[in-house]
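In what follows, a single structure is set out as C-alpha cells and then discussed.
We count ligands from 1, going down the list as the structure has it; atoms in each ligand are counted the same way.
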Amino acid sequence: MEEFDYDLFVIGAGSGGVRACRIAASLGARVAVAEERYFGGTCVNVGCVPKKLFSYAAHYRDDVEDSRGFGWEIPEMSFNWQTLLKNKNNEINRLNGIYKAILDNNQVQVFQARARIKDGHTVEVDGKTVSTKYILIATGGWPWIPDYEGAEYAITSNDVFHMAELPKRLLVVGGGYISVEFASIFSRLGCETTLSYRGDLLLRGFDEEIRHFITAEIGHDIPLKLETNIDKIRKHDKGLRAFLDSGDEIEVDCVLSATGRKPLTADLGLESVNIELAKNGAVVVDDHFQTSEPSIYAVGDVIDRVALTPVALAEGQIVARTLFSGDSKDMSYQNIPTAVFCHPNLGTCGLTEQAAQNQGLNVDIYVATVKQLKHTLSGRDEMAMIKLVVEQQSDRVIGLHMVGPDAGELVQGFAVAMNAGATKADFDQTIGIHPTLAEEFVTMRTKRKEH
Ligand code: NDP
C-alpha cells in the first residue's frame, strides 16, 4: 500500500498550480488539486486574458480615429459594453473548460473546494482528510484597497470584468500596471477617466526615462493627478465624490482602486505548519521553492517575487520536475520580458539604466524618440521611445525598453536575443525591416551624451 493518498497536493488551480499538476502527472505522480473559485486563476478569469480582450476593444477607438487621415469615413462610432462583456464571458468560460480538461486528461483529482493544511503531509478538503507526500501552495494574490473613509465604494480589478454598466466617469487610483492599463482601456471605451497616483511618475520600477516618457504620453489623453492620494469617498444620489489630499474633489460614478495585490495566504491552515511568511503575507521559499516546512512548496504570486503568469508557469514546472524527475533546474529571473498594455504600450526586458548603475556597471545608453510613420497621416499626437542599455565592458545589451505599439510582441523577440547574450555589435549587424518602429533597435548608432 502507498504511504500517502497522493504524491502532490496542489492548492490553487491558477497558472502555476495547473502547470505543476500537469507536469507532475506526466512524470507519473499521483496528483490532486483544490480550487474553490475558478480554473485558470487570476490570469484567465480576472487578469491578463480578459484585460487583453478589453485592450483590443479599446484599440479599435484609436484605429478608427487614426483611419480618417487615411481616407476612411466612419460617420459615427458607438460602443456596446454588454456585447463585449457577453463575448468576453463566453471566451473565459471556454478557457475555464480547457483548464479543467487539462487536469482531467492528466488524471489529476480535482476538488472544487477550499483546502486547509493540517500538517506537512495532511490536507483537509471537501470534508475529507487526505495525505500527500508534498504540498504545493499556488493560491496567488488578491487586490488590496487601502483603508480610508468610503473605501468600500471603490472597486478593484476583480470587479471591472463584471460591471453591469460602463461608468460615465471613472477615477483610477494607483500608478502601477493595472492602473495605467485600465485607465487607458476605459478612457478609450468612452469613460471620462482621471488617474490619481501618489508618486510623481507612473510605473515605479521601470526605467526612469521611460517613466517620464510614458507619464507624458498617458497625460496627453487622461487627466493625471500626480503626487495625490485619495482621502475619502462619499456616496450621494448622483454618484460618488472622491476627496483628494490636494484639496480637489472629483465627481465620478466609479472609483477603481489599483493599489496593489497581496499574497493569498489567509485561511489555508498555515498556522498548523512551520511556514515562514514575509511581512506582506507572502510565503517565503528558497531557490527551489521549498518553504521552511520541507514537504511544502510554493510558487506564483503567493511568493511575491515576480507577479507574472509566465513566471508562475516556469516556477510550477520547476517544482514538478524537481520533485518527480530529479532534474532540479534553477529558476532564472534575469531578462524576464514584460509589457504594460497601456496606450501606447510599454515593453521592457533586462535592466533599467538605474539598476545597471546600482550594480556598478558602466553602461552606454542609446535612446531614440520617434514619430511613427503611421501618425504622419493619422494626425495622432503620439510618440514612441526606444532605449538600449549596453554594458561597456562586454558590449552586451543588458536592458531594452520601448514605448510604442505592440511593444509586447516586439520585446518578446528581443528577449531571446538578450538571453542568447546579444551584443550591441550583433544588433548593429542586423538588417532592419523598413519602415518599422522595430528597426530603430538595430539602427541606433549614437550614444546618449551624459548630462
Ligand atoms: P503595482 O504594485 O504594479 O501597483 C500598485 C500601485 O498602487 C503603485 O502605483 C503604488 O504606488 C500604489 N499604491 C500602493 N499602496 C498604496 C497606498 N496605500 N495608497 C496609494 N497608492 C498605493 O500593482 P498592480 O496591482 O497594478 O499589479 C500587481 C502586479 O500584477 C504587477 O506588479 C504585475 O507584476 C502584475 N500585472 C502584470 C500585468 C502585465 O503583465 N501586463 C498587468 C497587470 C498586473 P507606488 O508606486 O508609490 O508604490
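- A salt bridge does not link Glu91 with Lys88: every distance from a Lys NZ or Arg NE/NH1/NH2 to an Asp or Glu carboxylate oxygen is 4.0 Å or more.
- If you check the side chains of Tyr333 and Glu315, you find a donor sitting under 3.5 Å from an acceptor.
- The proximity of Trp144 to ligand 1, defined as any non-hydrogen pair under 4.0 Å, is limited to the side chain.
- Salt bridge present: Glu209 and Arg448 bring a charged side-chain N and a carboxylate O closer than 4.0 Å.
- Contacts between Asn229 and ligand 1 below 4.0 angstrom, taking non-hydrogen atoms only, involve the side chain exclusively.
- Using a 4.0 Å cut-off between a side-chain N of Lys or Arg and a carboxylate O of Asp or Glu, Arg380 and Glu65 qualify as a salt bridge.
- Summary of contacts: the protein heavy atom closest to atom 26 (O) of ligand 1 is Ile178 N, 2.9 Å.
- Regarding atom 42 (C) of ligand 1, its nearest protein heavy-atom neighbour is Glu181 OE1, 3.2 Å.
- When hydrogens are left out, the protein atom nearest atom 29 (C) of ligand 1 is Ala307 CB, 4.2 Å; that is the closest non-hydrogen contact.
- Here the shortest heavy-atom distance to atom 10 (C) of ligand 1, taken over Lys52, Arg204, Arg198, Arg305, belongs to Arg198.
- Ligand 1 has a nitrogen or oxygen under 3.5 angstrom from a nitrogen or oxygen of Gly176.
- Taking the ring axis of Tyr366 as reference, the NZ or CZ atom of Lys424 stays within 45° of it and closer than 6.0 Å to the ring centre.
- The single protein non-hydrogen atom nearest to atom 46 (O) of ligand 1 is Tyr197 OH, 2.7 Å, given as residue, atom name and distance.
- Aromatic ring centres of Phe54 and Phe182: separated by at least 6.0 Å.
- The CG atom of Leu323 sits 4.5 Å away from the OH atom of Tyr297 when rounded to the nearest 0.5 Å.
- The nearest protein atom to atom 28 (C) of ligand 1, hydrogens excluded, is given as Arg261 CD, 3.7 Å; this is a heavy-atom distance.
- Close contacts between ligand 1 and Leu308 involve ligand atoms 34 (O), 37 (C), 40 (O) [criterion: under 4.0 Å to a heavy atom].
- Here atom 8 (C) of ligand 1 lies nearest to Gly175 when heavy atoms of Gly175, Gly199, Gly141 are compared.
- Taking the charged nitrogens against the carboxylate oxygens, Arg198 and Asp245 have no contact shorter than 4.0 Å, which rules out a salt bridge.
- In terms of protein heavy-atom proximity, atom 37 (C) of ligand 1 is nearest to Tyr177 CD2, 3.3 Å.
- Two rings, from Phe414 and Phe427, have their centers less than 6.0 Å apart.
- Taking OG1 of Thr309 as the reference point, atom CZ of Arg19 lies at 10.5 Å (rounded to 0.5 Å).
- The ligand atoms of ligand 1 that sit less than 4.0 angstrom from a heavy atom of Lys51 are 41 (N), 42 (C).
- With a 4.0 Å cut-off on non-hydrogen atoms, Ala339 touches ligand 1 through its backbone and not its side chain.
- Atoms of ligand 1 found under 4.0 Å from any heavy atom of Ala258, numbered from 1 in the order shown, are 5 (C), 6 (C), 7 (O).
- Nearest protein heavy-atom neighbour of atom 14 (C) of ligand 1: Thr259 O, 3.3 Å.
- Ring centers of Phe341 and Tyr56: at least 6.0 Å apart, outside the cut-off.
- In this structure, atom 5 (C) of ligand 1 lies nearest to the protein heavy atom Gly260 N, 3.5 Å.
- By the criterion of a heavy-atom distance under 4.0 Å, the side chain of Pro146, and not its backbone, is placed next to ligand 1.
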